[in-house]
There are 2 protein chains.
Amino acid sequence: MANRSRRKIAEATISRLPMYLRILLELTESGVAGVSSEKIAEMGGINAAKVRKDLSYLGSYGTRGVGYEVSFLIFQIQRELGIDHEWPVVIVGAGNLGQALIGSGGFGRRSYPIVGLVDIDEAKVGSLIGSLRVGHIDELPALIASRKVAIGVVAVPGEAAQMVADRLISAGVTSILNFAPIPVSVPAGITVRQVDLACELQILSFHEQHKKKVVPWPQVLPKSVSA
Amino acid sequence: MANRSRRKIAEATISRLPMYLRILLELTESGVAGVSSEKIAEMGGINAAKVRKDLSYLGSYGTRGVGYEVSFLIFQIQRELGIDHEWPVVIVGAGNLGQALIGSGGFGRRSYPIVGLVDIDEAKVGSLIGSLRVGHIDELPALIASRKVAIGVVAVPGEAAQMVADRLISAGVTSILNFAPIPVSVPAGITVRQVDLACELQILSFHEQHKKKVVPWPQVLPKSVSA
DNA sequence: GATTGTGAAACCATTCACAGCC
DNA sequence: GGCTGTGAATGGTTTCACAATC
C-alpha cells in the first residue's frame, strides 16, 4: 500500500529483485532477522551501494545505523514482483526439459503452481509425470480459461516453438517464457522472455578464451544473473 | 587473425553474440547468403544501429550498400566466442535437469561435447542416459584431466551446489555454469555464470502485474536474452 | 540508391561520498 | 559509531544521424 506511484523502478533493479528475494529467504531460513546492505552485497557478489539504491526504489524500509528487517523486505519484494498471490502456469512440452522444470521444484514452490502440462505427442498424453497427468495440447484453451492462467512456458524443440506460442496466445495467455532456442514473435501486449541455455555456455567460453589470452590470472568477473 | 588487439568488445555486445550466431545459422540453413543489419535487427527484435555497432567490434566485415556475408560473419563470431574449437564439458547431477541438458542437444551439438556426467548417488552410477554412462563424482579429477575439461556444469539441488563447485575447481575446471538456485562462491580466476530458471518467471510476473496496472495495452517490451 | 561504420548526443546504470538518522 | 538513503560523478550502452562506400 505504501508505495503506489513511487518513482519508476529501473529495469536493472527489477532483474536483481529475484536474487535479493532468494538471499533473504535463505537468511530467514537460517533464522536471521536483520541484515545490512553490506551482507546482502557479499552474498550476492555485488556492491553494497547498488543494494542500497535498489532497495530504496521499494521505499525507505531500512533503519540507519541498524540495517533492514529481513521479513519485511521479503514481503515488499514479493509484492513488487507480483507474487503476493499465485500465478498458475501451464507448461507445453513433456520432454526432458518440461520434466526438469516440474521436478526442480523451483517453479511449483513459491507462487507458480503448475496447473497443466500438455504435449502434442499422443503417446505421452495420459501418462503421469510426478503427480501431473499429461494433457493434449488441444486442451489448452479450456485449461487456461478455467484456471485463469496468464503465463505459458514453452519447452518444446525449436521447430514447434512458434506454433506453440501462437496457440498459447490464442488460448488467452499474456506472457510467455520460451526455452526453445528460437525466439518467437508475438503481437503487442504480450510479453516474452527468451531463455537460451546454450547461450550461457557460449558467453562462458568467450570469457574462458580471453582469460587465457588477455588477463592471465587474478581477475574477478562479477557473477551474473540471467537476463 | 585479422583483428587481434582491436578495441575491446563491450560486455553488452558479448551477451548478444550468441543471439546473432543463432540468427545467422538459421539464415544459412535457409540458404540465405547475404543479410542487412535491418534484417538481423528484425529477427532479433532489436534496433539496427545496435546490430551495426555490435558487428563493427568484430571488424569492418560488411559491405556498404550491400550488407554482410552470412557465412563470413558466422566464422568471425564463432572465433570471437572461442568456438572455432571444441570445449568439452562435464555435467554434475544426473537428475531431471542434467538429463534435459543432455537431451536438448543444444549443448552437444556445436562445440560443447559432453564428455562426462557424474552424480553422487551410488544408485545412479553406472546407468545409461542417452549414450552416456553415469560416473561417480569421485571420478571428476581423472575425467577433467584426461579430457582437458575447462567448463563444469552444476545441475544439482541447491544444498549440494557449493560442494560440487569446490570439487570441480579442485579437479581443475576454470569456469562453472551453475543451474542451482544458490550462487556459489569461487576463488579469483574462476568464472561463474548463474542461471536461475525461476528468476525468469519472477521477472515475467512482474511485467504481467504492471502491464495491467500501468500500461493497459499496446506496449512492446523488448525480447530479452538470458544473461 | 542502399547500406555500413562511427562520432556525437541521449540515456541508463553503477559507484562514490557524505549528510542524515538511529 | 554504524548504516541507510541519495545527490553528484562517473562509466557504459543505446540511439541518432550522416559521411563514406559500394
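Every chain is numbered from 1, with letters handed out A, B, ... down the list of sequences.
- Comparing C:dT4, D:dT6, D:dT15 by their closest approach to the side chain of B:Asn47 singles out D:dT15.
- Within the structure, no pair that satisfies the salt bridge (charged side-chain N to carboxylate O under 4.0 Å, His left out) test touches residues 150-166 of chain B, not counting sequence neighbours.
- To the nearest 0.5 Å, atom CG of residue A:Leu24 and atom CG of residue A:Leu17 are 10.5 Å apart.
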Which atoms of nucleotides 20-22 of chain C (N or O only) lie under 3.5 Å from a protein N or O atom, and what are those distances?
{"residue": "C:dG20", "atom": "N3", "partner": "A:Arg64", "partner atom": "NH1", "Å": "3.1"}
{"residue": "C:dC22", "atom": "O4'", "partner": "A:Arg64", "partner atom": "O", "Å": "3.4"}

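- The aromatic ring centroids of A:Tyr61 and A:Phe72 lie less than 6.0 Å from each other.
- Annotation: salt bridge (charged side-chain N to carboxylate O under 4.0 Å, His left out) contacts involving residues 59-75 of chain B, sequence neighbours excluded, are absent.
- The shortest side-chain heavy-atom distance between B:Val92 and B:Val154 does not fall under the 4.5 Å cut-off.
- Listed candidates were D:dT6, C:dT6, C:dT14. Nearest to the side chain of A:Arg16 is C:dT14.
- At whole-Å resolution of the value, NZ in B:Lys50 and C1' in C:dT4 are 18 Å apart.
- As a whole-Å value, the separation of A:Glu11 CD from C:dT14 P is 12 Å.
- Distance OH (A:Tyr57) to C1' (D:dT4): 16 Å, rounded to an integer number of Å.
- Using a 4.5 Å heavy-atom cutoff, the side chains of B:Tyr68 and B:Thr63 are not in contact.
- Nearest to the side chain of B:Ala12, among D:dT13, D:dC16, C:dA13, sits D:dT13.
- Distances shorter than 4.0 Å separate none of the side-chain N or O atoms of A:Ser36 from OP1 or OP2 on D:dC3.
- Rounded to an integer number of Å, the gap from CZ of B:Arg52 to P of C:dA2 is 15 Å.
- Regarding B:Ile40, its CD1 atom lies at a distance of 12 Å from the P atom of C:dT3, rounded to whole Å.
- For the pair A:Lys39 NZ and D:dT4 P, the interatomic distance rounds to 14 Å; values are reported in whole Å.
- Nearest nucleotide to the A:Ser56 side chain, out of C:dT15, D:dA17, D:dG5: D:dG5.
- Of the two residues near DNA chain C, A:Ala49 and A:Ala10, the one whose nearest nucleotide lies more 5' is A:Ala10.
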### Message
Checking B:Phe179 against B:Asp196 for the side-chain contact (heavy atoms from CB on, under 4.5 Å) test, could you report, in this order, the C-alpha distance in whole Å, the side-chain angles of both residues, the deciding distance, and whether it holds?
### Response
CA-CA 6 Å; B:Phe179 284 94; B:Asp196 181 353; over 6 Å; no
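- One atom, CG of A:Leu55, and another, P of D:dG5, lie 8 Å apart when rounded to the nearest Å.
- With rounding to whole Å, B:Leu73 atom CG is found 16 Å from C:dT3 atom P.
- Residue contacts for B:Thr13: at a heavy-atom cut-off of 4.0 Å it reaches no nucleic acid atom on any strand shown.
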Nucleotide N/O of nucleotides 8-11 of chain D paired with protein N/O under 3.5 Å:
{"residue": "D:dA8", "atom": "N6", "partner": "A:Lys53", "partner atom": "NZ", "Å": "3.4"}

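- Under the rule for a side chain to side chain donor-acceptor pair (under 3.5 Å), the partners of A:Asp54 that lie at least two apart in sequence or sit in another chain are A:Thr13, A:Arg16, A:Tyr20.
- Under the rule for a side chain to side chain contact (heavy atoms under 4.5 Å, CB included), the partners of B:Gln99 that lie at least two apart in sequence or sit in another chain are A:Asn96, B:Ile129.
- Closest to the side chain of B:Ser60, from the set D:dT14, D:dT4, C:dG5, is C:dG5.
- Counting heavy atoms from C-beta outward, A:Thr191 and B:Leu204 have side chains that approach closer than 4.5 Å.
- Close to C:dT3, at under 4.0 Å from its OP1 or OP2, lies no side-chain N or O of B:Tyr61.
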